[in-house]
Each structure stands twice: as structure tokens, then as C-alpha cells.
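Comments concern the structure below.
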Amino acid sequence: METTANIQIATRLGGRDSIRKIPAARLALWLFLASEIMIFGGLISCFILLRIAHGGWDAEAAHVHWRIGAFNTLVLLTSSLTMALACTGAKEGMARRVRTCLGLTILLGLTFLGVKACEYSLEISKGLTPGAGLFWAFYYTLTGLHSLHVLAGIILNTTLWIAAGRMQMWSLVQRRIEYAGLYWHFVDVVWIFLFPLVYLS
Amino acid sequence: MVGSIREQSAHSAGVPLDLRIWGWLVGLLIAGLTVFVMPIPRIAAIGLVFTAAIIKAALVVRKYMHLEAEHWLLYVIALAPVILIVIMAVALLPDIAFKQ
């Protein structure tokens with residue numbers, strides 16, 4: 001199945017070299033990530049331009065909890081480490097390490113969402129809702145969309161974590177964990193830019 | 001072939017490399033936060049914080065996502081939307097940001 005897909009891609013690219021280097025699923029995932037870059041990039045560039053146009057939104061930005069944001073950044077960076085360790089473990093055939101690291105990644109993802117939910121409730125209790133102004137509309141859109149992506153990553157990782165516990169599904173996990181890892185790291189990269197943009201500038 | 005050998009060596013480096021990259025990421029996060037709380041000009045602080053963010057993103061993409069060992073086509077796929085967005089933002093900047 002994999003070989004057939006590789007050959008199809010190689011025909012399109014017109015090179016034998018490509019057969020080894022780009023499996024169809026990996027190419028498709030990078031194309032998907034490129035579309036995600038367009039979504040987040042479009043929103044982020046609109047946010048930057050409107051922020052410049054409105055004098056920086058300093059008064060509004062003073063109300064965000066940068067310490068909570070910094071903690072969440074640390075959580076996501078650590079989850080990227082555990083995901084990378086899970087991928088390395090899968091390549092080396094270490095099922096137990098894969099399950100442990102995937103479990104930790106899921107827990108860290110849930111921690112991120114829990115902390116974000118607490119942060120939202122703090123802000124909403126002060127009347128800082130999406131309707132409180134353009135800054136807050138962007139804040140909730142950007143962080144909310146990112147949180148939805150974290151949730152999708154958690155669901156994906158959970159299915160792999162369950163599959164990793166069954167011997168007959170191990171080869172499937174070994175193939176798919178790389179793609180789950182790529183997605184999870186991408187979500188991390190988006191937050192790496194959102195954190196200074198929303199909390200620190 | 002060269003790419004696959006590089007990929008194999010990257011995987012064999014395994015756990016210590018992943019941990020080292022995480023150390024750098026946390027170090028850069030702390031550096032960014034230190035710059036943010038220090039009493040330095042705002043524009044300089046923002047510049048340094050975003051420089052740290054770009055380095056962090058590059059580390060994740062190259063090392064954790066293994067883009068450094070990938071085919072050039074994946075670089076093009078990843079960079080094309082970024083370039084398009086930068087062009088769009090620069091083109092709109094005079095109209096939106098500096099409108100009287």
C-alpha cells in the first residue's frame with residue numbers, strides 16, 4: 001500500500017529519488033499543514049496590522065495573564081518533547097515507551113486546555129468577553145482556534161495510545177505516530193508565535 | 001539516499017538530542033520572559049522576544065519535525081504560505097496601519 005502510494009507521487013514529481021523520500025501520506029500531511037499555516041497566518045497578520053492601526057491596544061493587552069501563558073508555553077514545549085520521544089520509541093520498536101510518552105503528551109495537552117479554560121473564566125468574570133473590543137475578539141478567536149487544534153491532537157493521540165496497547169495494531173501505530181507527531185509539533189509552533197504576540201507585546 | 005542516511009543518523013541520536021532541543025527551547029522561553037520583564041525599550045524587547053520565538057519555531061520544525069532531513073519539496077510546501085502571508089501583510093501595511 002505504502003509502496004504504491006510512493007510510486008504515484010514519484011510519477012508526479014518525475015524523479016526516482018522522490019520514491020524513497022516522500023511517502024504519499026507525509027506529502028499529504030505537509031500540504032494539510034500548509035493550509036493550516038494559511039489559516040493561522042491570515043489571522044495573525046490581520047491581528048498585527050489592526051494592532052498597529054489601533055495604537056497597540058496597550059490598555060487591553062495589560063489585562064492578559066502572561067504568567068499563565070508562560071506556564072502553558074512550558075507545558076506545550078514539554079509535550080513536544082514527549083511526542084518526539086514517542087516517535088523515536090516507535091521507530092526503535094519500544095511499545096512501552098511509546099504508550100508512556102503518548103500518555104504524557106495527552107496529559108500535558110489536557111493540562112494546557114484546563115489552564116486555558118481557567119484563564120478564560122478569569123477573563124470572562126471581569127467582563128472581558130469576545131464582545132469587549134477588537135483585541136478581545138482576536139484574543140478569543142486566535143487562542144480558541146488553537147485550543148481546538150490541541151483538542152484534535154489529543155483525540156488523535158488517544159486513538160494511537162489505545163492502538164499501541166494492542167499487539168496486532170502495533171505496525172499501524174508505528175506508521176501513523178510520525179504523522180500525529182508532525183501535527184502535534186505544528187500546534188506547538190503556532191503557540192510559540194501566539195504567546196509573544198498576544199501576551200508579551 | 002543521502003536524506004535517508006541523515007534521517008537514520010538523526011533517529012539514532014534519539015533521546016539525548018530530543019532532550020537537548022527541549023533544553024534549548026526552555027532556555028529561549030526563559031530568555032524571552034527575562035527580556036519582557038527587564039526595563040529596556042519596548043521595541044527592542046519585542047524584537048528580542050520575536051527573535052527567540054523564531055529560533056524556537058525553527059528548532060521544533062527542523063529537529064522534532066525532521067524537516068532538515070526531508071526532501072526540498074517539503075520546504076517549498078512549508079515556506080510558500082509563509083511567504084504569501086508576509087507579502088500580503090507588507091502590501092496591506094501602508095493602507096491599514098498608516099491610514100490618516
Side-chain angles (χ1 to χ4, degrees), chain A residues 13 15 17-18 20-22 26-27 30-31 33-42 44-46 48-54 56 58 66-67 70 73-74 77-78 80-85 87-89 91-92 97 178 181-182 184-186 188-190 192-197 199-201, chain B residues 1 3-4 7-8 11-15 17-19 21-23 25-26 28-30 32-33 35-37 42 45-46 49-50 52-54 56-61 63-67 69-74 77-82 84-86 88-90 92-93 95-99:
Chain A
L13 294 173
D17 198 27
S18 310
R20 282 192 215 97
K21 288 183 181 171
I22 314 180
R26 193 183 296 172
L27 182 66
W30 274 101
L31 285 167
L33 293 182
S35 72
E36 292 280 329
I37 293 171
M38 288 302 284
I39 293 169
F40 279 105
I44 286 171
S45 57
C46 286
I48 292 170
L49 289 171
L50 286 170
R51 196 163 180 171
I52 294 169
H54 289 86
D58 289 346
W66 68 268
R67 286 183 184 84
T73 308
L74 183 64
L77 290 178
T78 310
S80 258
L81 169 69
T82 54
M83 194 72 213
L85 292 176
C87 291
T88 313
K91 286 190 175 77
E92 292 168 2
R97 191 168 102 188
E178 180 198 344
L182 280 175
W184 191 262
H185 295 313
F186 170 76
D188 186 22
V189 170
V190 170
I192 283 172
F193 286 109
L194 282 187
F195 172 60
L197 198 67
Y199 292 85
L200 299 185
S201 49
Chain B
M1 189 67 180
S4 64
E7 205 172 350
Q8 277 172 7
H11 293 321
S12 63
V15 178
L17 178 70
D18 291 340
L19 278 171
I21 298 301
W22 180 78
L25 292 171
V26 174
L28 285 164
L29 170 65
I30 293 166
L33 291 172
V35 165
F36 174 66
V37 295
R42 192 183 173 203
I46 289 173
V49 164
F50 276 95
I54 290 167
K56 273 188 284 181
L59 276 174
V60 173
V61 171
K63 300 293 180 182
Y64 283 166
M65 296 171 86
H66 303 297
L67 197 61
E70 289 288 3
H71 194 278
W72 60 266
L73 184 67
L74 295 186
I77 289 169
L79 285 176
V82 177
L84 282 173
I85 286 160
V86 170
M88 184 195 78
V90 170
L92 290 174
L93 192 66
D95 280 351
I96 292 178
F98 304 113
K99 196 175 178 182

- prompt: Where do B:Val60 and A:Phe186 land on the side-chain contact (heavy atoms from CB on, under 4.5 Å) test, with the steps shown first?
  reply: CA-CA 8 Å; B:Val60 173; A:Phe186 170 76; over 6 Å; no

Specify the closest pair of heavy atoms between [X] and [Y], including all atoms of both residues, with the distance to one decimal.
{"X": "B:Phe36", "Y": "A:Tyr199", "value": "CZ-O, 4.1 Å"}
{"X": "B:Ala57", "Y": "A:Val189", "value": "CB-CG1, 3.9 Å"}
{"X": "A:Trp30", "Y": "B:Met65", "value": "CH2-CE, 3.8 Å"}
{"X": "A:Leu81", "Y": "B:Asp18", "value": "CD1-O, 3.4 Å"}
{"X": "B:Leu29", "Y": "A:Phe195", "value": "CD1-CE2, 3.9 Å"}
{"X": "B:Ile96", "Y": "A:Ala53", "value": "O-CB, 3.4 Å"}

Where does [X] contact chain B at under 4.5 Å (heavy atoms): side chain, backbone, both or neither?
{"X": "A:Leu33", "value": "side chain"}
{"X": "A:Trp184", "value": "neither"}
{"X": "A:Ser35", "value": "neither"}
{"X": "A:Ile48", "value": "neither"}

Salt bridge (Lys or Arg N to Asp or Glu O under 4.0 Å) partners for B:Lys56, two or more places apart: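 Listed in chain order: nothing, the list is empty.
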
task: To the nearest 0.5 Å, tell me how far A:Leu74 CG sits from B:Leu33 CG.
output: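 A:Leu74 CG to B:Leu33 CG: 9.5 Å, rounded to 0.5 Å.
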
query: Atom CD1 in A:Ile22, atom CH2 in B:Trp72: separation rounded to 0.5 Å?
result: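 Reported value, rounded in 0.5 Å steps: 8.0 Å.
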
query: Are A:His185 and B:Val61 close enough that some pair of their side-chain heavy atoms sits under 4.5 Å apart?
result: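 The answer is no; the side chains never approach within 4.5 Å.
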
message: Less than 4.5 Å apart, side chain to side chain, heavy atoms only: is that true for B:Val37 and A:Trp66?
response: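 Counting from C-beta outward, B:Val37 and A:Trp66 do come under 4.5 Å.
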
task: Examine whether an atom of B:Leu67 lies under 4.5 Å from a heavy atom of chain A, and if so say whether it belongs to the side chain, the backbone or both; otherwise answer neither.
output: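 For B:Leu67, the contact with chain A is made by the side chain alone.
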
message: Please classify the contact between B:Leu25 and chain A as side chain, backbone, both or neither, with a heavy-atom cut-off of under 4.5 Å.
response: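 Both backbone and side chain of B:Leu25 come within 4.5 Å of chain A.
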
- prompt: Among A:Val190, A:Thr78, A:Leu50, A:Thr73, which residue forms the greatest number of heavy-atom pairs with chain B at distances under 4.5 Å?
  reply: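 Ranked by heavy-atom pairs under 4.5 Å with chain B, first place is A:Thr78.
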
task: Under 4.5 Å, counting heavy-atom pairs only, tell me which of A:Ala70, A:Ala84, A:Cys87, A:Gly181 racks up the most with chain B.
output: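 Among A:Ala70, A:Ala84, A:Cys87, A:Gly181, the one with the most close pairs to chain B is A:Ala84.
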
message: I'd like to know whether B:Val35 forms a side-chain contact (heavy atoms from CB on, under 4.5 Å) with A:Leu200, so could you lay out the CA-CA distance, the side-chain angles of the two residues, the decisive distance to 0.1 Å, and finally the verdict.
response: CA-CA 10 Å; B:Val35 165; A:Leu200 299 185; over 6 Å; no

- request: Show the numbers, then the answer: is there a side-chain contact (heavy atoms from CB on, under 4.5 Å) between B:Phe50 and A:Leu197?
  value: CA-CA 8 Å; B:Phe50 276 95; A:Leu197 198 67; 3.6 Å; yes

message: Heavy-atom pairs under 4.5 Å with chain A: which of B:Ile21, B:Val82, B:Leu79, B:Val49 has the most?
response: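 Greatest number of close heavy-atom pairs with chain A: B:Val49.
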
task: Taking side chain to side chain donor-acceptor pair (under 3.5 Å) as the test, write out the residues that go with A:Thr82, two or more places apart.
output: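 With sequence neighbours excluded, A:Thr82 shows a side chain to side chain donor-acceptor pair (under 3.5 Å) to A:Thr105, given in chain and number order.
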
- request: Let me see the working for A:Glu178 and B:His66 under side-chain contact (heavy atoms from CB on, under 4.5 Å), right down to the final yes or no.
  value: CA-CA 10 Å; A:Glu178 180 198 344; B:His66 303 297; 6.0 Å; no

